[in-house]
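Everything below concerns the one structure shown next.
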Amino acid sequence: MKSSRRLFLRCLRLGRRRRFRFLKHLVVYLRYARLCIVSLTYNSFTNSDVIIDSLFEPIYWLVDHVTRWFGIVEKEVPSVSVCRKCIAHKPARTHHCSICSRCILKMDHHCPWLNNCVGHYNHRYFFSFCLFMTMGCIYCSISSRVMFKEAYAAIEKIKHQEKEALQFASNETYSQTPPPTFSFQERIFHKCIIYLWVLCSSVALALGALTLWHAMLITRGETSIERHINKKERKRLQSAGKVFYNPYNNGRCGNWKVFFGVETKQHWLTRVILPSSHLPYGNGLTWNAPSWITYKQTPVFAI
């Protein structure tokens, strides 16, 4: 009887311990889940910008529909819609930047490296910077490849000598160890050469890809934002059995002429290759084809 009671009490204690452990693990998991949910909701829903946009959503809806019903009253600024954030006229190819808190003419994107938007008045400078920076990095990578090989071979030789020195020091006394053949300055010099070559090559690859992307967009007469908008519009019209035409496309060569402001053949040298501070074509409000462009625009409008 006593042995059976002891066995029963032990089983009861083990059951209680397992229950307590299960409850402890359950409490820990619940606390962890609560922490995850609170963190996600805090990051997604309690941001000040999100709260303000949510509160002003009825006003945005009212402005959007009132302007569609009654039209735009002021005709001084040619516009196709009204910006819901600025409550102002919004010309074609204009988009609102939430970081700059303003509408940007012919907005391409907001560049965090420049801390500014790339738009109508600085798009050419941005592309020229990317192009010449890529060319400079490629030139440095190609011209210094011999120095990179020599520096890399020297670093490998240093590592090999250090291994031999350690093996020699383990067998002999410290006074008998041979002095290093490379000084500290020489090691730093070789490492800097390798670092600069890798940096130039990586920048050339990354910035070169960005330059090619913008070159493709310029050839098509689009911006980065219009690329996504036109892609959706193209799919929508294709499903309806229609064809989409970009109204801002002036032909491949014509798009580059409008982008760089090339009116004559001499401008390819004075405005493209050499530094130039001339203003871009147009005022950013209307997008009529210039007189020196012979490409016929399709009278189809895309917002």
Side-chain angles (χ1 to χ4, degrees), residues 1-68 81-88 90 94-104 107-119 126 130 195 198-199 201-203 205-210 212-214 216-217 222-240 303:
M1 292 294 291
K2 291 182 179 180
S3 60
S4 61
R5 288 178 182 178
R6 289 177 183 177
L7 183 61
F8 176 74
L9 291 174
R10 286 181 181 179
C11 294
L12 185 62
R13 289 175 183 175
L14 289 174
R16 289 180 179 178
R17 289 177 183 177
R18 290 179 180 177
R19 288 178 184 176
F20 285 133
R21 289 178 182 176
F22 176 75
L23 290 175
K24 287 182 180 179
H25 288 299
L26 182 61
V27 170
V28 171
Y29 288 137
L30 290 176
R31 289 178 179 177
Y32 181 73
R34 179 177 175 275
L35 178 62
C36 292
I37 293 173
V38 170
S39 300
L40 290 174
T41 53
Y42 178 80
N43 294 330
S44 301
F45 302 111
T46 58
N47 190 5
S48 59
D49 296 334
V50 176
I51 293 176
I52 293 174
D53 289 344
S54 300
L55 293 175
F56 277 88
E57 192 63 32
I59 300 177
Y60 297 154
W61 181 89
L62 183 64
V63 170
D64 222 0
H65 286 72
V66 167
T67 52
R68 289 182 182 179
S81 62
V82 174
C83 179
R84 301 191 305 172
K85 304 294 182 66
C86 299
I87 317 297
K90 189 176 180 180
T94 301
H95 300 278
H96 185 88
C97 178
S98 59
I99 301 175
C100 298
S101 298
R102 64 180 65 184
C103 287
I104 308 298
M107 180 178 176
D108 187 87
H109 68 284
H110 182 89
C111 182
W113 306 105
L114 301 177
N115 193 23
N116 196 6
C117 280
V118 177
F126 173 79
C130 292
Y195 172 75
V198 172
L199 180 64
S201 300
S202 58
V203 170
L205 290 175
L207 202 59
L210 180 64
L212 291 176
W213 167 255
H214 280 278
M216 182 193 67
L217 294 177
E222 296 176 334
T223 61
S224 299
I225 298 176
E226 292 172 355
R227 169 71 174 172
H228 300 286
I229 297 175
N230 293 345
K231 186 177 180 180
K232 294 180 180 178
E233 189 69 14
R234 190 177 291 107
K235 289 182 178 180
R236 186 183 67 83
L237 293 178
Q238 188 176 3
S239 61
I303 298 176

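Closest of all the heavy-atom pairs between C83 and K90 is N-CB, 3.9 Å. The shortest heavy-atom contact between C97 and H110 is SG-ND1, 3.6 Å. Between M107 and C117, the closest heavy-atom pair is CE-SG, 4.0 Å. Contact detail for C130 and L207: the closest heavy-atom pair is O-CD2, 3.9 Å.
In this view, L30 and L26 satisfy the side chain to side chain contact (heavy atoms under 4.5 Å, CB included) rule, not counting sequence neighbours. The ring pair (Phe, Tyr, Trp, His ring centres under 6.0 Å) check on H95 picks up nothing, with sequence neighbours excluded. S201 meets the side-chain hydrogen bond (donor to acceptor under 3.5 Å, both in side chains) test with S141; sequence neighbours excluded. Applying the side-chain hydrogen bond (donor to acceptor under 3.5 Å, both in side chains) criterion to R236, with sequence neighbours excluded, gives E233. For S224, the side-chain hydrogen bond (donor to acceptor under 3.5 Å, both in side chains) criterion is met by D108, not counting sequence neighbours. Not counting sequence neighbours, L212 has no partner by the side chain to side chain contact (heavy atoms under 4.5 Å, CB included) test.
For the pair S202 (side chain) and V198 (backbone), a donor-acceptor distance under 3.5 Å is present.
Ring geometry for F126 against H214 counts as perpendicular: the plane angle is over 60°, on a 0 to 90° scale with 30° as the lower cut.
The distance from atom CE of M216 to atom CZ of R227, rounded to the nearest 0.5 Å, is 4.5 Å. Distance CD1/I104 to OG1/T223: 12.5 Å, rounded to 0.5 Å.
Around the CZ atom of R102, the shell of radius 6.0 Å holds no more than 12 heavy atoms that belong to other residues, nucleotides or ligands.
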